[in-house]
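Sequence lines set the chain letters: A, B, ... in the order given, protein chains first and strands last, and positions in each chain run from 1.
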Amino acid sequence: MKEYNHLKIEKKWQSEWQKKKVYQTKNNFKQKKFYVLDMFPYPSGVGLHVGHPRGYIASDVYARMKRMSGYNVLHPMGYDAFGLPAEQYAIEHKINPEKAVAINVKTFEKQLSVIGLSYDWERRVNTTDPEYYKWTQWIFLQLFNSYYDTKKNKAQSINVLVKIFEKSGNKNVSAHSGNVEVFSASEWKNFSLLKKQEILMQYRLAYEADTEVNWCQNLGTVLANDEIVNDKEGKMVSERGGHPVEKIKIKQWLMRITAYAERLIDGLEKLDWPNSIKEIQKNWIGKSEGSEIEFKIKNSNKKIKVFTTRADTIFGATYVVLAPEHELVFELKENILNWDEVLAYIEKTKSEEDADRIAEGKEKTGVELKNIKVINPANNEELSVWIADYVLAGYGTGAIMAVPMHDQRDRDFAVRFNLPIIDKPFVDAKEITEKVGGKVVKKYKMRDAIFARQRYWGEPIPLSRDKNGIINEVKKLPLVLPKVKSYEPTGKAEGPLAGVSSWVKAGYETNTMPGWAGSSWYFLRYMDPKNKKNLVGDKEIKYWKNVDMYVGGAEHATGHLLYSRFWHKFLKDINIAVTEEPFQKMRNQGMILANDGRKMSKRWGNVINPDDMVKTYGADTLRLYEMFIGPFDQYAAWSTESIIGPRRFLERVWRLVDKVDVKAKSSKEFLNSLHKTILKVTEDIENMRFNTSVSALMILLSEIEKEEKLNKEDFKKFLQILAPFAPHMSEELWNLLGEKKSIHISGWPKSENKFMKQDEVKIAVQINGKVRTELVVETDISEDMIKKIVLANDVVDKFLNGQTPKRVIYVKNRLINIVV
RNA sequence: GCCCAGGUGGCGGAAUUGGUAGACGCGAUGGACUCAAAAUCCAUUGAUGGCAACAUCAUGAGAGUUCGAUUCUCUCCUUGGGCACCA
């Protein structure tokens, strides 16, 4: 057998597979389907390091096993290329982002192509392709044209709502957020177009509103909350570059994700996802159940509505606090004796950034509304009313009843301002809520998502506004992003599109969609990527349904993974998607760190390039090593020293071919190991425990090497279970054995029970829980028999030293423990 | 502060989910082959004591449950991740 030349073999098979379309996914709608998906990357242009392909290799191993097991596997790859990173790259390198993306995609594919991943490249999608974002825009319009029917608990066409308004006004339809005045049917008919538009805006799932946003002057853009971090002093800075961030108010588009809060929480239960991700999402949505209770204001017909999760402590309430921004404060202006002081406090909180509020520490501040008293509905006691910044306008009702006995924050405040702290017994929360005329409600911390960026490189929002301010849909999609001279930030809270006069004249939005728009539905497009008429064909979606196994980084827990679930639920409501959830099963890969335990980065000079590894050791070795390096979902430190292990393993496999003999008879021991390993590798891949399956293959190799001559059929089984990990070498050897069809569609071997039985087992003999000796006995020996043998044993006799055993515990085929 | 996930040899990590701790790989040491080196093969490799058989200790620390604990319970230390004045 000639030397193992990985360069030649790998190149040969990669082009062969491509030529024969071995990995092409066909629409065989009668075959069992399996959809294995990687989170698609930003082609960043920096190039990949050795940590990036870890997830791709894992999903590839998984996909290959499923494909060999007889599933029709959908395993595609594509690019998420809109968004800030691509735009920044274009600005830095002074090139058109479109060109930058094309270059980066090329680099990326070149680097990936040598690893031997079994993607069906013909299905690749790119979010910046007008033929793709046409459908992103289409989804936006569907959201714009829908409202959330809280009774049916699903999205409905906005036309349904208009009909309701025409028939009976809005007294039976509450807006999901915001305050909408109640109007009758006849009033509705008399409203102006603009007024109608304003009202409907309170209901639409994609809607425009005044928002307080995080403005970053240096980046010239508005940032999402998850794009902001706190620096050492607690000040808000951008995650990218660490530039200062401040709050400003602008009008922009939002997505009413809060309408789906309940379904987003409920859906988590049935998902096979890492627990930590589910927890993060649950906390992020932040559901709490509590009571809304009204406190009457003395000498007024107004009431303060508070939200509490502890209605059971209502008898211990000693004062009431409003958020400084609460509108009631202004309504009560005439009655407040210290208005100047109150106003000063309101102004002060306004100018403060959230970060400053936190940085201030736990010190509570606030001002009493002098001359305002409320009545506790539980016991008719008179309570004072305060405003304080520790009560947030945006959560609950923006007002609380303070129970300093049971709440630390209330206690801090009470101590600071010398307010009473009283201990009263608990009552039943539900009962008391009903008794005082309150309401049991659910609240969520999650806010609606801003769906606009003051940027160039994103999907244009397909709406236009005429001179009267009336919004119209763009009828012909895609609304193509126009070419501009400059992608630089304008320095104002509007995007570069504001500088394109024809665009502005047409009344188009100058904001573009955020980075997550295109990535929130791409998995559906892979099912039918070239469909010109529909987002996805009916037959295709009914067959592929959803992603069965999703692999990617855990950092998307509150971004991509939440938004995708939201859009998918919406698409289900409008009868596009057929499942409630997009990703049934998900696993996160752990990062690969450099030798020194730090992240791989140019800055540290510790980057290992996959191309170099492939050149020196081969793709198969790299694949095996990355799977062997440690538990898939945990961090692992790269060690170029250790990669030699898997390489040696492959060289030993290579040498086996000389031993292959059609007439050879496999030994009992070998057959036993082979079938046990088939079972183990199958189960391990299924559970993403790649490290132990590689280890199992190594153990099996040692067993094979003990064979004088190798039975061909049994050796082929070994190659088949090796194939997902080392696709090139297994294909080469498979071919050398005279097989014409690719090993990767050759089937998956079955572990047969008849080979897995063993005649004898080793049993540990313990005395008082300590192992003293070992015995080899026949498998499944009876308890009586083993007892007799053990008690007659010399070593046991020595340790017993004449004592009679009090108890004997026998674990079948494993151990026997004698207790004295 | 609250919520998750970790902590096992020199290193990466195994352990059938309560049943022989350290599989597998790297590294190291010794040997074979070679004029020599590389590669390959063989042996040893948790610590301590002992010529040895063997014994004792050992899974972040301390307790507990159990015949038996890396695994379950409690307290604490520590490293990551998430949330954070959310009523």
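The side chain of A/Phe628 lies closest to B/C24, out of B/G19, B/C24, B/U56. Minimum atom distance to the side chain of A/Val819 is reached by B/C67, of the listed B/G19, B/U40, B/C67. Taking only side-chain atoms of A/Glu641, from C-beta outward, the nucleotide of B/C26, B/C24, B/U40 with the closest atom is B/C26. Comparing B/C83, B/U20, B/G19 against the side chain of A/Val771 picks out B/U20 as the nearest.
At a threshold of 4.0 Å, the pair A/Lys706-A/Glu703 counts as salt-bridged, since one of the basic side-chain nitrogens sits closer than that to a carboxylate oxygen. Ionic pairing of A/Glu262 and A/Lys287 is present here: one or more N-O contacts between side-chain nitrogen and carboxylate oxygen are shorter than 4.0 angstrom. Using a 4.0 Å cut-off between charged nitrogen and carboxylate oxygen, A/Lys443 and A/Glu292 count as a salt-bridge pair.
For the pairing with A/Arg587, the side-chain hydrogen bond (donor to acceptor under 3.5 Å, both in side chains) check across A/Asn687, A/Asp633, A/Asp272 returns one residue only, A/Asp272.
Rounded to whole Å, the distance from CE on A/Met401 to P on B/A87 is 13 Å. Distance A/Arg310 CZ to B/A87 P: 11 Å, rounded to the nearest Å. Taking atom CG of residue A/Asp633 and atom P of nucleotide B/G81, one finds them 16 Å apart after rounding to whole Å. Between the CD1 atom of A/Ile629 and the C1' atom of B/C11 there is a distance of 12 Å, given to the nearest Å. Rounded to an integer number of Å, the gap from A/Asp312 CG to B/A87 P is 14 Å. If you take NZ of A/Lys676 and P of B/A23, they are 18 Å apart, rounded to a whole angstrom. Atoms NZ (A/Lys278) and P (B/G81) sit 23 Å apart, rounded to a whole Å. Per the geometry, CD belonging to A/Gln281 stands 12 Å off C1' belonging to B/G82, to the nearest Å.
A sub-4.0 Å separation between OP1 or OP2 of B/A87 and a side-chain N or O of A/Ser288 is present. Between A/Lys770 and B/C57 there is a side-chain N or O to OP1 or OP2 distance below 4.0 Å. When the side-chain nitrogen and oxygen atoms of A/Arg648 are compared with OP1 and OP2 of B/A39, none of them lie within a distance under 4.0 Å.
Straight-line distance between the C1' atoms of B/G25 and B/G19: roughly 26 Å, to the nearest whole Å. B/A69 and B/G13 have their P atoms separated by 26 Å, given to the nearest Å. Going from the C1' atom of B/C83 to that of B/U66 covers 39 Å, rounded to whole Å. Here, B/A39 and B/G22 have their P atoms 30 Å apart, quoted to the whole Å. Comparing the P positions of B/C74 and B/A5 gives a spacing of 13 Å, expressed to the nearest Å. Annotation: B/C42 and B/C24 have their P atoms spaced 13 Å apart (nearest Å). The separation of B/C72 from B/U20, taken at their P atoms, amounts to 16 Å, rounded to a whole angstrom. Here the separation of B/U65 from B/U71, taken at their C1' atoms, is 14 Å to the nearest Å.
In this structure, A/Leu815 reaches the bases: a heavy-atom distance under 4.0 Å links it to at least one base atom across the strands shown. A/Tyr625 comes within 4.0 angstrom of nothing in the nucleic acid, heavy atoms only. Residue A/Ile644 is in sugar-phosphate contact alone, with no base atom involved, counting any heavy-atom pair closer than 4.0 Å across all strands shown. Counting non-hydrogen atoms under 4.0 angstrom, A/Ile699 reaches the backbone sugars and phosphates but no base. Residue contacts for A/Tyr810: at a heavy-atom cut-off of 4.0 Å it reaches no nucleic acid atom on any strand shown. Residue A/Pro631 is in sugar-phosphate contact alone, with no base atom involved, counting any heavy-atom pair closer than 4.0 Å across all strands shown. Across all strands shown, A/Arg647 has no heavy atoms under 4.0 Å from either base or sugar-phosphate atoms. At the heavy-atom level, A/Lys762 lies under 4.0 Å from base atoms of the strands shown. Here A/Gln766 lies in heavy-atom contact (under 4.0 Å) with a base.
Side-chain atoms of A/Tyr395 and A/Ser288 form a donor-acceptor pair, as typed in the model, at a separation below 3.5 Å.
By the neighbour-count criterion of 12 heavy atoms within 6.0 Å, atom CD of A/Gln803 is densely surrounded, having more than that number from other residues, nucleotides or ligands.
The partner of B/C35, taking Watson-Crick or G-U wobble pairs whose two distances both stay under 3.5 Å, does not exist in any strand shown. Under the Watson-Crick and G-U wobble criteria, each requiring two contacts below 3.5 Å, nucleotide B/A23 is left unpaired. Taking a pair to require two hydrogen-bonding distances under 3.5 Å in either a Watson-Crick or a G-U wobble arrangement, B/U75 pairs with B/A61. In this structure, B/C83 and B/G1 make a Watson-Crick or G-U wobble pair, each of the two defining distances being under 3.5 angstrom. Under the Watson-Crick and G-U wobble criteria, each requiring two contacts below 3.5 Å, nucleotide B/A28 is paired to B/U44.
The shortest side-chain heavy-atom distance between A/Arg411 and A/Met405 falls under the 4.5 Å cut-off.
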May I have the step-by-step check of side chain to side chain contact (heavy atoms under 4.5 Å, CB included) for A/Asn606 and A/Arg598, ending in yes or no?
CA-CA 8 Å; A/Asn606 55 9; A/Arg598 292 188 290 201; 4.1 Å; yes
For A/Phe649 and A/Val694, what are the C-alpha separation, side-chain angles and deciding distance, and is it a side chain to side chain contact (heavy atoms under 4.5 Å, CB included)?
CA-CA 10 Å; A/Phe649 166 78; A/Val694 173; 5.8 Å; no
A/Thr308 vs A/Arg310, side chain to side chain contact (heavy atoms under 4.5 Å, CB included): CA-CA, chis, key distance, verdict:
CA-CA 5 Å; A/Thr308 177; A/Arg310 295 297 307 273; 3.9 Å; yes
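Scanning residues 772-787 of chain A for heavy-atom distances under 4.0 Å to RNA chain B yields A/Arg772, A/Glu774. RNA chain B lies under 4.0 Å from at least one heavy atom of each of the following residues of residues 678-697 of chain A: A/Asn691, A/Thr692, A/Ser695.
Checked by atom type and distance alone, the side chain of A/Lys659 never pairs as donor or acceptor with a backbone atom of A/Leu710 at under 3.5 Å. The backbone N or O of A/Met729 sits nowhere less than 3.5 Å from a side-chain atom of A/Trp654 that would complete a donor-acceptor pair. At least one donor-acceptor pair under 3.5 Å links the side chain of A/Asp410 to the backbone N or O of A/Val403.
Under 3.5 Å, the side chain of A/Asn817 and the base of B/C67 form at least one donor-acceptor pair of N or O atoms. With hydrogens and angles ignored, a donor-acceptor pair under 3.5 angstrom links the side chain of A/Lys364 to the base of B/C85.
Because its glycosidic torsion is within 90° of 0, B/G9 is reported here as syn. Glycosidic conformation of B/U78 is anti; the angle lies outside 90° of 0.
For A/Lys364 and A/Phe413, the positive end is not near the middle of the six-membered ring at less than 6.0 Å and at most 45° from its axis.
Heavy-atom nearest nucleotides on RNA chain B were determined for A/Ile277 and for A/Ile280, and the one closer to the 5' end corresponds to A/Ile277. For the pair A/Ala393 and A/Arg652, nearest-nucleotide mapping onto RNA chain B gives the more 5' position to A/Arg652.
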